[in-house]
Novice: 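Before we start, here is the structure in question, set down as structure tokens.
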Amino acid sequence: MSTVLSAVAWPYANGPRHIGHVAGFGVPSDVFSRYMRMAGHDVLMVSGTDEHGTPILVAADAEGVTARELADRNNRIIVEDLVALGLSYDLFTRTTTVNHYAVVQEMFRTVRDNGYMIEQTTRGAISPSTGRTLPDRYIEGTCPICGAPGARGDQCDTCGNQLDPTDLIDPVSRINGETPEFIETTHFFLDLPALAEELGRWLDEREATGLWRPNVIRFSQNILKEIKPRAMTRDIDWGIPVPGWEDQPTKRLYVWFDAVIGYLSASIEWARRLGDPERWRAWWNDPEALTYYFMGKDNIVFHSQIWPAELLAHNGKGDKGGEPGIYGELNLPTEVVSSEFLTMEGKKFSSSKGVVIYVRDVLERYQPDALRYFISAAGPENQDADFTWAEFVSRTNNELVAGWGNLVNRTAAMIAKSFGEVPAADELEDVDRALLDQIEAGFGAVGALIETHRQRAALAEVMRLVGEANAYVSQTEPFKLKGEDQRARLGTVLHVLAQAVTDLNTMISPFLPHSSNLVEKALGGDRVIAPMPELREVEDLDGGPGYPIITGEYSDAPAWEHRPVTVGAPVVKPSPIFTKLDPTIVEEELARLGVEA
């Protein structure tokens with residue numbers, strides 16, 4: 001058994017999350033975490049809402065509410081949506097807790113005391129009309145490196161390079177289109193050049209494992225070539241105060257410095273809520289622990305450069321040396337698992353342009369496992385993918401309903417009609433053994449694919465085995481075994497089918513947790529196959545305002561292995577597990593988007 005940290009990207013709380021977000025960080029991390037628990041590993045899955053930074057302020061100003069009020073509202077929406085989707089967090093928290101503030105400030109002090117935070121005077125942007133600071137992400141212009149338009153003041157999404165607003169050609173404010181003014185301002189910078197050698201060595205070690213997705217490792221190594229100090233404070237009044245600059249209330253820690261530390265602070269909060277305050281160290285201080293970070297590709301730089309650099313600086317592993325702080329020597333990522341982008345009907349998601357469908361809207365109209373199935377089968381695992389309503393309907397009806405759902409329903413229906421309970425098997429024939437052997441071998445094949453983050457291939461293998469089980473029905477024709485002298489054979493075939501469905505249900509449960517519990521009941525089982533998360537209202541551990549968290553107890557899930565079906569378990573006529581979709585919903589959904597079918 002290994003200790004496994006599943007560190008899931010923190011959704012930003014400036015609004016509800018759309019399906020592109022959960023395709024990148026949500027479903028892949030949950031499939032992995034559920035499988036790893038079933039495989040016997042000690043998994044800690046953590047995340048929360050990221051609630052600081054200028055986009056929150058801008059959105060709050062537009063609505064006439066405070067930043068905290070906006071964050072509170074969106075935090076609850078996001079928590080409710082992720083629970084409904086079935087994401088099995090051990091703790092999903094937020095970055096506005098007192099605990100998080102304390103952990104972030106302690107990390108900053110250690111990094112600074114080790115010599116990796118340096119003060120520099122730079123030029124900051126302000127709005128000429130309001131006098132307010134313009135953050136990097138709210139300035140755009142032409143990239144000076146690749147010449148692409150629409151580059152932001154912190155990064156060009158086209159070439160992936162980090163930028164400063166002053167680097168941009170013809171910079172303008174994204175808020176009102178005016179040309180920003182640049183004034184002198186002092187900030188703390190993370191001394192990335194002093195950490196570059198160690199970062200490079202670590203990335204080379206990661207590459208040597210052969211486990212990282214090629215696009216992630218190549219991108220991470222390439223950005224080392226132009227490495228330079230990066231500002232870790234901002235001129236803003238919404239965020240975590242800078243230790244040592246308490247007399248400057250408009251100086252706060254950069255939201256991205258603060259957000260990635262959330263993986264650590266959430267682990268610490270989880271342990272404190274468990275009543276075992278040091279329990280988090282098993283995932284962070286043990287060099288044998290495995291740590292996996294899940295996100296979309298736009299966040300690679302923060303997880304393969306900025307966060308590892310912060311960890312190295314905290315550990316005293318750069319050119320300047322130093323000593324770890326009170327948290328001890330912290331583990332660097334085992335793997336940065338980055339998904340590509342999901343588009344929608346051929347267009348980039350854009351809330352402002354109406355090209356969007358929020359998680360909540362999908363779950364109000366369709367089964368959560370239908371969305372999870374689409375993301376797992378056709379999502380942006382290693383290349384950009386496109387969500388279309390036509391494909392969503394097709395995959396739901398032709399694969400989920402006609403394939404897996406049909407196998408479950410007709411197996412349960414035949415057993416209910418002929419026996420009323422799971423029958424015992426008589427002597428097995430070659431055709432029976434062939435199916436059972438194939439499916440039992442599936443545990444090794446499917447598990448290995450999930451463990452190496454090839455979830456599309458893993459689900460495809462499960463569905464291939466579903467097809468083999470459906471073919472077995474056609475071969476054995478149990479519906480024709482009606483004579484009394486054929487009853488033993490009928491019982492054997494239906495027993496084999498019940499066993500096949502039971503094992504396939506175990507294999508498919510990380511992908512489809514909601515329906516896996518229904519499948520178990522359909523065959524007379526009484527155990528929980530996929531434990532579900534819960535929303536829990538809690539008080540802040542250190543006196544701040546209360547808030548909702550996602551947590552759960554997931555130890556009841558079965559082991560990742562063949563489990564003999566229970567002979568004699570009562571089986572009644574089943575109801576359909578999955579809902580077949582009317583093709584007309586394609587036109588309805590496209591109309592909602594303002595797109596012609």
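Position 1 is the first residue of the sequence, and the numbers go up from there.
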Novice: Atom CD of residue position Glu197 - does it have more than 12 heavy atoms of other residues, nucleotides or ligands inside 6.0 Å?
Specialist: no
Novice: Looking only at heavy atoms, what is the nearest atom pair of Ser29 and Ser6, with distance?
Specialist: O-OG, 4.0 Å
Novice: Among residues two or more places apart or on two chains, list those pairs meeting ring pair (Phe, Tyr, Trp, His ring centres under 6.0 Å) that have a residue in residues 75-94.
Specialist: Tyr89-Phe92
Novice: Let me know which of Trp256, Phe257, Tyr254 forms a side chain to side chain contact (heavy atoms under 4.5 Å, CB included) with Arg230.
Specialist: Tyr254
Novice: Quick one: sort the Tyr292 and Phe294 rings into parallel, tilted or perpendicular, breaks at 30° and 60°.
Specialist: tilted
Novice: Show your working on side-chain contact (heavy atoms from CB on, under 4.5 Å) between Asp319 and Leu195 and close with a plain yes or no.
Specialist: CA-CA 6 Å; Asp319 294 348; Leu195 298 158; over 6 Å; no
Novice: Verify the ring-centre separation between Phe443 and Trp560: is it less than 6.0 angstrom?
Specialist: yes
Novice: Sequence neighbours left out, what pairs pass salt bridge (Lys or Arg N to Asp or Glu O under 4.0 Å) with at least one residue falling in residues 206-217?
Specialist: none
Novice: With sequence neighbours left out, what residues match Thr343 under side-chain hydrogen bond (donor to acceptor under 3.5 Å, both in side chains)?
Specialist: Asp386
Novice: Would you call Asp136-Arg174 a salt bridge at under 4.0 Å N-O?
Specialist: no
Novice: Keeping the roles fixed (side chain from His514, backbone from Ala84), state whether a donor-acceptor pair exists under 3.5 Å.
Specialist: yes
Novice: Taking all heavy atoms of Leu5 and all of Trp283, pick out the closest pair and write down the distance.
Specialist: N-CD1, 3.6 Å
Novice: Search all heavy atoms of Val336 against all heavy atoms of Val216 and return the closest pair with its distance.
Specialist: O-CG1, 3.8 Å
Novice: Dump the intermediate steps for side-chain contact (heavy atoms from CB on, under 4.5 Å) on His453 and Phe32, then the final yes or no.
Specialist: CA-CA 7 Å; His453 312 292; Phe32 176 79; 3.4 Å; yes
Novice: Name all residues meeting the side-chain contact (heavy atoms from CB on, under 4.5 Å) criterion together with Glu391; count only those two or more places apart in sequence or in a different chain, and write none if there are none.
Specialist: Phe374, Ala378, Thr388, Arg395
Novice: Has Lys348 got more than 12 heavy atoms of other residues, nucleotides or ligands less than 6.0 Å from its NZ?
Specialist: no
Novice: Do His314 and Tyr116 have their ring centres less than 6.0 Å from each other?
Specialist: no
Novice: Please step through side-chain contact (heavy atoms from CB on, under 4.5 Å) for the pair Thr3 and Leu44, ending with a clear verdict.
Specialist: CA-CA 8 Å; Thr3 304; Leu44 178 60; over 6 Å; no
Novice: Measure across Leu82 and Val22 and return the closest heavy-atom pair with its distance rounded to 0.1 Å.
Specialist: CD2-CG1, 4.0 Å
Novice: With distance as the sole test, does Arg456 use its side chain to make a donor-acceptor pair with the main-chain N or O of Ala377 at under 3.5 Å?
Specialist: yes
Novice: Report the C-alpha separation of Glu381 and Gln455 in whole Å, then their side-chain angles, then the decisive distance to 0.1 Å, and conclude whether the side-chain contact (heavy atoms from CB on, under 4.5 Å) test is met.
Specialist: CA-CA 8 Å; Glu381 179 176 279; Gln455 294 182 10; 3.6 Å; yes
Novice: In chain order, what residues pass the side-chain contact (heavy atoms from CB on, under 4.5 Å) check against Asp50, with sequence neighbours excluded?
Specialist: Trp10, Tyr12, Thr95, Val255, Ala259
Novice: State whether the side chain of Thr110 and the backbone N or O of Glu106 hold a donor-acceptor pair below 3.5 Å, judged by distance alone.
Specialist: yes
Novice: Would you call Asp384 and Lys297 a salt bridge, using N to O less than 4.0 angstrom?
Specialist: yes
Novice: Determine, for Arg281 against Asp286, whether the closest basic-nitrogen to carboxylate-oxygen distance falls under 4.0 angstrom.
Specialist: no
Novice: Could you go through residues 354-364 and list every donor-acceptor pair under 3.5 Å that involves a side-chain atom there, pairing it with any protein atom two or more places apart or in another chain?
Specialist:
{"unit_1": "Tyr358", "atom_1": "OH", "unit_2": "Ser351", "atom_2": "OG", "d": "3.2"}
{"unit_1": "Arg360", "atom_1": "NE", "unit_2": "Asp81", "atom_2": "OD1", "d": "2.8"}
{"unit_1": "Arg360", "atom_1": "NH2", "unit_2": "Ile77", "atom_2": "O", "d": "3.4"}
{"unit_1": "Arg360", "atom_1": "NH2", "unit_2": "Glu80", "atom_2": "OE1", "d": "2.7"}
{"unit_1": "Arg360", "atom_1": "NH2", "unit_2": "Asp81", "atom_2": "OD1", "d": "3.1"}

Novice: Got a donor-acceptor contact below 3.5 angstrom from the Ser47 side chain to the Val8 backbone?
Specialist: yes
Novice: Quick one: ring-ring contact (aromatic ring centres under 6.0 Å, His included) partners of Phe25, sequence neighbours excluded?
Specialist: none
Novice: Name all pairs fulfilling the salt bridge (Lys or Arg N to Asp or Glu O under 4.0 Å) condition that reach into residues 287-296, sequence neighbours left out, sorted by first residue then second.
Specialist: none
Novice: Run the salt-bridge test on Glu269 and Arg273 with the 4.0 Å N-O cut-off and return the result as yes or no.
Specialist: yes
Novice: Do NZ/NE/NH1/NH2 and the carboxylate oxygens of Asp72 and Arg76 come within less than 4.0 Å?
Specialist: no
Novice: Filter on side chain to side chain donor-acceptor pair (under 3.5 Å), then keep only pairs touching residues 301-312, sequence neighbours left out; what's left?
Specialist: Gln162-Gln305, Ser220-Ser304, Tyr263-His303, Tyr293-Trp307
Novice: So Glu205 and Arg201, salt bridge (Lys or Arg N to Asp or Glu O under 4.0 Å) or not? Walk me through it.
Specialist: CA-CA 6 Å; Glu205 290 173 355; Arg201 184 178 295 115; 5.8 Å; no
Novice: Is it true that a side-chain atom of Ser33 and a backbone atom of Asp30 form a donor plus acceptor pair closer than 3.5 Å?
Specialist: no
Novice: Is it true that Arg112 and Asp191 make a salt bridge, defined as a side-chain N closer than 4.0 Å to a carboxylate O?
Specialist: no
Novice: Under 6.0 Å between ring centres: does that hold for Phe108 and Phe188?
Specialist: yes
Novice: Could you check whether any side-chain heavy atom of Arg37 comes within less than 4.5 Å of a side-chain heavy atom of Ser555, counting everything from C-beta outward?
Specialist: no
Novice: Does the Thr551 side chain pair with the main chain of Asp90, one donor and one acceptor, at a distance under 3.5 Å?
Specialist: yes
Novice: Would you find a donor on one side and an acceptor on the other, under 3.5 Å apart, between the side chain of Thr209 and the backbone of Leu211?
Specialist: yes
Novice: Partners of Ser338 by side-chain hydrogen bond (donor to acceptor under 3.5 Å, both in side chains), sequence neighbours excluded?
Specialist: none
Novice: Check side-chain contact (heavy atoms from CB on, under 4.5 Å) between Asn315 and all other residues, then give those that pass, not counting sequence neighbours.
Specialist: Lys317, Glu329, Leu330, Leu332
Novice: Can you name the side-chain contact (heavy atoms from CB on, under 4.5 Å) partners of Ser265, sequence neighbours left out?
Specialist: Asn99, His100, Val103
Novice: Indicate the atoms forming the closest heavy-atom contact of Val104 with Leu253, along with that distance.
Specialist: CG1-CD1, 3.6 Å
Novice: Do side-chain atoms of His41 reach the backbone of Val43 as a donor and acceptor pair under 3.5 angstrom?
Specialist: no
Novice: Verify, without hydrogens or angle tests, whether Arg279 (side chain) and Ser267 (backbone) share a donor-acceptor contact under 3.5 angstrom.
Specialist: no
Novice: Check for me whether the distance between the ring centres of Phe511 and Tyr373 falls short of 6.0 Å.
Specialist: no
Novice: Taking all non-hydrogen atoms of both residues, which atom of Val462 and which atom of Leu504 are closest, and how far apart?
Specialist: O-CD2, 4.1 Å
Novice: Checking the side chain of Ser173 only, and the main-chain atoms of Ile175 only, is there a donor and an acceptor separated by less than 3.5 Å?
Specialist: yes
